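Keep in mind the model is a prediction, meaning the values are calculated, not measured.
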Amino acid sequence: MKEVIGELTAKGMRLAFVVSRFNTIFTEQLLKGARDAALRHGAADDDLTVVRVPGANEIPLAAAKLAKSGAFDAVVALGAVIDGATDHAMLINTSVARALAQIALETGLPVLNGIICAHSLDQAIERAGSKAGNKGFDTVCAAIETVNALRKL
């Protein structure tokens with residue numbers, strides 16, 4: 001049996017982070033985690049690009065433009081959507097997740113969803129760098145492994 005595994009090394013890898021400004025208290029922590037993961041695994045700071053958009057709903061359009069540019073090895077979406085009194089958060093989370101997956105399939109470029117989908121502020125805090133880890137860090141690690149696995153195919 002042949003097995004393809006992507007290493008967790010980002011040397012020479014060009015990564016783009018699309019970051020929502022909405023819920024900045026969380027998204028800045030996600031970005032710190034994402035940058036930390038990239039640098040810890042060998043990426044150069046000059047090979048990291050940050051694009052800021054107003055909210056999670058605007059992330060897919062920027063991600064699509066980056067993915068189609070040919071300038072990056074992966075695109076990572078970072079945002080935080082927290083439930084409120086209506087179904088608005090669920091609608092945003094669903095449409096953004098589908099759009100990001102579609103962009104990846106259409107371009108063949110890893111486009112990873114690092115958007116926190118939380119039911120409460122406490123859950124968002126946990127996922128942005130406290131006891132549940134940092135979703136930005138975890139998503140960049142997944143991006144690095146995916147890029148390296150795809151390079152072997």
Side-chain angles (χ1 to χ4, degrees), residues 4-6 8 10 13-41 43 47-150 153:
V4 176
I5 298 172
L8 196 52
M13 204 173 281
R14 298 159 303 151
L15 303 172
F17 307 136
V18 183
V19 185
S20 166
R21 288 193 320 264
F22 194 77
N23 285 323
T24 302
I25 191 170
F26 302 113
T27 61
E28 286 305 307
Q29 290 304 114
L30 294 174
L31 179 58
K32 285 180 187 176
R35 183 173 179 257
D36 182 34
L39 297 176
R40 279 189 195 211
H41 293 96
D47 288 334
L48 306 179
T49 299
V50 177
V51 176
R52 296 186 187 273
V53 295
N57 215 36
E58 292 75 38
I59 289 174
L61 185 58
K65 186 141 183 120
L66 291 163
K68 292 173 185 174
S69 74
F72 301 98
D73 297 300
V75 177
V76 176
L78 302 171
V81 180
I82 303 165
D83 284 346
T86 67
D87 289 337
H88 185 69
M90 181 183 67
L91 295 172
I92 289 174
N93 290 330
T94 301
S95 66
V96 170
R98 284 184 181 153
L100 294 175
Q102 189 62 40
I103 294 162
L105 292 171
E106 288 175 0
T107 63
L109 192 85
V111 178
L112 284 88
N113 187 344
I115 299 172
I116 293 173
C117 305
H119 293 300
S120 68
L121 288 174
D122 287 340
Q123 284 183 351
I125 290 167
E126 289 175 6
R127 289 165 176 78
S130 71
K131 60 184 172 181
N134 183 303
K135 188 165 181 149
F137 188 98
D138 296 342
T139 305
V140 168
C141 289
I144 293 166
E145 287 188 60
T146 303
V147 167
N148 287 322
L150 291 175
L153 297 179

message: Determine whether Val140 and Phe17 satisfy the following criterion, side chain to side chain contact (heavy atoms under 4.5 Å, CB included), listing intermediate values before the conclusion.
response: CA-CA 9 Å; Val140 168; Phe17 307 136; 3.6 Å; yes
task: For side chain to side chain contact (heavy atoms under 4.5 Å, CB included), just list the numbers for Asn134 and Leu30, CA-CA rounded to whole Å, side-chain angles, deciding distance to a tenth of an Å, and then say yes or no.
output: CA-CA 6 Å; Asn134 183 303; Leu30 294 174; 3.9 Å; yes
Pair Val4-Leu153, side chain to side chain contact (heavy atoms under 4.5 Å, CB included): steps then yes or no: CA-CA 8 Å; Val4 176; Leu153 297 179; 3.9 Å; yes
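Ile116 CD1 to Ile125 CD1: the interatomic distance, rounded to the nearest 0.5 Å, is 10.0 Å. Rounded to the nearest 0.5 Å, atoms NZ (Lys135) and CD (Glu126) are 13.5 Å apart. The distance from atom CG of Leu66 to atom OG1 of Thr49, rounded to the nearest 0.5 Å, is 7.5 Å. Atom CG of Asn57 sits about 5.0 Å away from atom OG of Ser95, to the nearest 0.5 Å.
When the options Val19, Val51, Val53 are evaluated for a side-chain contact (heavy atoms from CB on, under 4.5 Å) with Ile59, the one that passes is Val53. Among Thr27, Val18, Leu31, the one residue that satisfies the side-chain contact (heavy atoms from CB on, under 4.5 Å) test with Arg52 is Leu31.
For Gly114 against Thr139, the heavy-atom pair with the smallest separation is CA-OG1, 3.4 Å. Taking both residues in full, the closest heavy atoms of Ala67 and Val75 are given as N-CG2, 4.0 Å, listed atom of the first, atom of the second, then distance. Ala34 and Leu78 get closest at one heavy-atom pair: CB-CD1, 3.9 Å. Closest approach of Ser20 to Ala56, counting heavy atoms only: OG-N, 3.5 Å. Here the closest heavy-atom approach between residue Ala37 and residue Cys141 is recorded as CB-SG, 4.1 Å. Residues Ala80 and Asn23 approach most closely at O-ND2, 2.7 Å, considering heavy atoms.
With salt bridges taken as basic N to acidic carboxylate O contacts below 4.0 Å, one links Arg14 and Asp73.
Counting heavy-atom neighbours within 6.0 Å of Leu61 CG, excluding the residue itself, gives a total of 12 or less. The number of heavy atoms from other shown groups lying within 6.0 Å of CG (Leu91) is above 12.
Formation of a donor-acceptor pair under 3.5 Å by the Thr24 side chain with backbone atoms of Arg21 is found in this model. Using a distance-only test at 3.5 Å, with no hydrogens or angles considered, a donor-acceptor pair links the side chain of Asn148 to the main chain of Ile144.
In this structure, the side chains of Leu121 and Phe26 come closer than 4.5 Å at one or more pairs of heavy atoms.
Within the structure, the side chain to side chain donor-acceptor pair (under 3.5 Å) test picks out the following pairs touching residues 98-118 (sequence neighbours left out): Gln102-Glu106.
By the side-chain contact (heavy atoms from CB on, under 4.5 Å) test, Leu39 pairs with Arg35, Asp45, Leu48, sequence neighbours left out.
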